[in-house]
Amino acid sequence: MIRTTKLTGISLLVLLLSGCSEVNDFKPVAGMDAMDIYANACSNCHGEGGDGKFGILLKIAGTDEEADEIVDKVLNGGHIMPAFPNINKQQAESIAAYLKAL
Ligand code: HEC
């Protein structure tokens, strides 16, 4: 019984983490501005308006990271956060500016 509970817990964890793959295949559509890209590519993990998910978890509004660190995170990913190879540097810079202004 205990074993089953443990196994269920582990599979749930794997399921949760598999959402965080190494590369995200999101591709911005022409004409999308930073806010649109954020809403489509980032808000599912970081919440609408950078408020985070489930309270303050992954809150990024008002992040201490410098704009170039944010750009690097988007292009190359973080420890868990996936990289976004289809977002170009210019778009990443506008997302960084958008986040710093939140
Ligand atoms: C699959 C979930 C996921 C998505 C999608 C995602 N992130 Fe993240 N992000 C994370 C996780 C997890 C961390 C913290 C750990 C790490 O560095 O991987 C993080 C950390 C960050 C940080 C650093 C915050 C700080 O103050 O330390 C920034 C900035 C950031 N993400 C920006 C973005 C942007 C911009 C996007 C959209 C292009 C994005 N993230 C999409 C999961 C995600």
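Sequence positions, counted from 1, serve as the residue numbers for this chain. Remember, it's 1-based here, ligands and their atoms both numbered in the order they're listed.
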- prompt: Looking only at atom types and distance, does a side-chain atom of His46 sit under 3.5 Å from a main-chain N or O of Gly52, one as donor and one as acceptor?
  reply: no

- prompt: Can you tell me the angle formed at atom 8 (Fe) of ligand 1 by SD of Met81 and NE2 of His46, to 10°?
  reply: 180°

query: Judging by distance only, is a nitrogen or oxygen of Asn24 under 3.5 angstrom from one on ligand 1?
result: no

field: Location of contacts on Phe84 toward ligand 1, heavy atoms closer than 4.0 Å
entry: side chain

Donor-acceptor under 3.5 Å (Lys53 side chain, Asn44 main chain): yes

message: When you measure from the side chain of Tyr98 to the backbone of Glu93, do you find a donor-acceptor pair of N or O atoms at a distance under 3.5 Å?
response: no

task: Measure the shortest side-chain to side-chain distance between Phe84 and Ile95 over non-hydrogen atoms and say whether it is less than 4.5 angstrom.
output: no

Proximal atoms of ligand 1 relative to Ile60 (non-hydrogen, under 4.0 Å): 22 (C), 24 (C), 28 (C), 32 (C)

task: Considering the heavy atoms of Thr63, write down every atom of ligand 1 situated less than 4.0 Å from one of them.
output: 24 (C), 25 (C), 26 (O)

Options Cys45, Cys42, Ser43, ranked by nearest heavy atom to atom 3 (C) of ligand 1, top entry: Cys45

- prompt: Is a side-chain donor or acceptor of Asp72 paired with a backbone partner of Asp68 at a separation under 3.5 angstrom?
  reply: no

message: I'd like the name of whichever of Leu57, Ile80, Ile37, Asp72 reaches closest to atom 18 (O) of ligand 1 through any heavy atom.
response: Ile80

message: Looking at Lys100, I want to see if its NZ is surrounded by more than 12 non-hydrogen atoms of other residues, nucleotides or ligands under 6.0 Å.
response: yes

- prompt: So, Lys73 and Glu69, do they make that salt bridge, N to O below 4.0 Å?
  reply: no

Proximity of His79 to ligand 1 by residue part, where a heavy atom lies under 4.0 Å: both

field: Per-atom contacts, ligand 1 versus Asn44 - under 4.0 Å to a heavy atom
entry: 5 (C)

message: Is there a side-chain contact between Phe26 and Ile37 in this structure, where contact means two heavy atoms from C-beta onward sitting under 4.5 Å apart?
response: yes

message: Below 4.0 Å, non-hydrogen atoms only: which portion of Ala92 touches ligand 1? Side chain, backbone, both or neither.
response: neither

field: Atoms of ligand 1 close to Ile95 [distance to a heavy atom under 4.0 angstrom, numbered from 1]
entry: 35 (C)

